[in-house]
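Everything below concerns the one structure shown next.
Within every chain, numbering begins at 1; the chains are lettered A, B, ... in the order of the sequence lines, protein sequences first and strands thereafter.
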2 protein chains.
Amino acid sequence: MSAPSPGWLAEFSPLSTLPPDERAILTGASASVALPADATVFEPHQACGAFLLVRQGRIRVYQLDRDGNEIVLYRLGPGSICILTTMALLAADRYSAFATTETAVEAVALTDTAFETLMARSGRFRSFVFTAHAERMADLMRVIRNVAFESIESRLAARLLALAADRRALSITHQQLAAEIGSAREVISRHLKTFERRGWVSLARGRIEVHDAASLRRTAGPGDA
Amino acid sequence: MSAPSPGWLAEFSPLSTLPPDERAILTGASASVALPADATVFEPHQACGAFLLVRQGRIRVYQLDRDGNEIVLYRLGPGSICILTTMALLAADRYSAFATTETAVEAVALTDTAFETLMARSGRFRSFVFTAHAERMADLMRVIRNVAFESIESRLAARLLALAADRRALSITHQQLAAEIGSAREVISRHLKTFERRGWVSLARGRIEVHDAASLRRTAGPGDA
DNA sequence: GGTCGTCTGTGACGAAGTCACCAATCCGGC
DNA sequence: GCCGGATTGGTGACTTCGTCACAGACGACC
């Protein structure tokens, strides 16, 4: 693990205003971490042991049951931190979720002592960490609202829009979409077919093209992705 | 708001080992809060403005959608803290959950400045707060696993056992049970009827008596309540 | 072109949610 | 006591969703 390239701190805007002495702690005790795509970041009952700040790439955090059913909880992108590792650092508790890199990931790892030093010394750092906690908590609440209250059709529409972002087409299988919202492949296939019949999307093997984002947005409803 | 009765700190074991100067901050800036049963603790987009430590009673935290559907997220009992208020204090973010007292509640409220002072000064206090965060996060993950992966029958059995605790009978309506696990009243009624036909419980208006906890535990499965 | 593994489509069925409606019970007022 | 309204529980019909079984379609590779 080498030192991260200089200037990485600027990529985390809430941290870029830290006073010099606190910056020194951060930059002094950090190491670069590079992960390939589809790598395991952590699994239940397996601590990660370091505080991770994501610089590049995307990490998917999800739940898995014994039958292989899956549901995505949230994603971590550039500028966000992995709070599950902070849990393991500051609280003894460990909780059971999986995390996998979706793309190659570049991150900065902070030693646990440096993390605790900063938490003790820097109000800005604490606020940064707490904000991340609050956001993740909000993500989980959103997932609960979706699975408990929303129809598959609206959740699927919402997720298609979220995954497509601004692009027209996305490369994803029906099985992967089912894992996104915690449903079954056949159910997703059938709903996608009706979307296609309505002219909202067009389907090809491993590929979905969005034609009518407005209609999708309408069926997604006021609820969030 | 009067000062809480002396010795309340002993009720929060992780805090009882604080050094004298940190205890002084806690006891000096705290006020007693008494809430009746069925009172609103907080609602979405409405900050509570203080750090709450629960001494007596129970608070139910739940999600609600526009159609009145409900699902319980977790409960706070004696010795636990309300992390949603800490979110509002340290992070600007607010998230949308409801909290209601199930019984009369006695709590201690800490001013926000005292909270931040303690977070800055006391590693033990930080660890206490972070542990609470981790536990709540674990609760939410458990809820997600349940709604996404478990059958109604097993979730109902698990919840009956959890609510009954060691008692044989519990006073609860089918509607309330449905709100516990995020289902519909009719579904709960039907499952309870089959439980009764199997001799596991007996039903009366607003009352359920558990006769065969072992069988309930078996259908609840290895998963958590 | 042929083979194999992955991906998608479909029918049948059970489990769960929704809707409509009624019956039983409780509670307060008289 | 009795009555009337409100709450609670029971049930059938129907829709949506999850599960199972299986077939066809496509792409990668030889």
Specify the separation, in whole Å, of atom [atom1] of [X] and atom [atom2] of [N].
{"X": "B:Ile188", "N": "D:dT11", "atom1": "CD1", "atom2": "P", "value": "16 Å"}
{"X": "A:Arg205", "N": "D:dA28", "atom1": "CZ", "atom2": "C1'", "value": "10 Å"}
{"X": "B:Asp65", "N": "C:dG17", "atom1": "CG", "atom2": "P", "value": "13 Å"}
{"X": "B:Arg190", "N": "D:dT11", "atom1": "CZ", "atom2": "C1'", "value": "7 Å"}
{"X": "A:Glu150", "N": "C:dA16", "atom1": "CD", "atom2": "C1'", "value": "17 Å"}
{"X": "A:Ile172", "N": "C:dT6", "atom1": "CD1", "atom2": "P", "value": "18 Å"}
{"X": "B:Leu203", "N": "D:dG9", "atom1": "CG", "atom2": "C1'", "value": "10 Å"}
{"X": "B:Phe195", "N": "D:dG10", "atom1": "CZ", "atom2": "C1'", "value": "17 Å"}

Phosphate OP1/OP2 of C:dA16: any B:Ser183 side-chain N/O under 4.0 Å: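 For C:dA16, neither OP1 nor OP2 has a side-chain N or O of B:Ser183 closer than 4.0 Å.
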Phosphate OP1/OP2 of D:dT16 contacted by A:His191 side-chain N/O (<4.0 Å):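 Negative; the distance criterion is not met.
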Residue closer to the 5' end of DNA chain C, A:Ala204 versus B:Ala184 (nearest nucleotide):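 The residue mapped nearer the 5' terminus is A:Ala204.
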Check whether the side chain of [X] and the base of [N] form a donor-acceptor pair under 3.5 Å.
{"X": "A:Arg155", "N": "D:dT16", "value": "no"}
{"X": "A:Gln175", "N": "C:dC7", "value": "no"}
{"X": "A:Glu186", "N": "D:dC17", "value": "no"}

Salt bridge or not for [X] and [Y], using N-O below 4.0 Å?
{"X": "B:Glu153", "Y": "B:Arg198", "result": "yes"}
{"X": "A:Glu135", "Y": "A:Arg75", "result": "no"}
{"X": "B:Glu11", "Y": "B:Arg55", "result": "yes"}

Ring geometry between A:Phe195 and A:Trp200 (parallel below 30°, tilted from 30 to 60°, perpendicular above 60°):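 If you compare the ring of A:Trp200 with that of A:Phe195, the planes turn out tilted.
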Side chain of A:His174 - closest among D:dC26, C:dG9, D:dG9: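 For A:His174, the side-chain atoms sit closest to C:dG9.
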Closest nucleotide among C:dT10, C:dT18, D:dG10 to the B:Lys193 side chain: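 Among C:dT10, C:dT18, D:dG10, the one nearest the side chain of B:Lys193 is D:dG10.
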Along DNA chain D (nearest heavy atom to each residue), the more 5'-positioned of A:Glu153 and A:Arg185: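 So the residue in question is A:Glu153.
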Worked check of salt bridge (charged side-chain N to carboxylate O under 4.0 Å, His left out) between A:Arg155 and A:Glu150: CA-CA 7 Å; A:Arg155 288 161 62 197; A:Glu150 301 296 327; over 6 Å; no
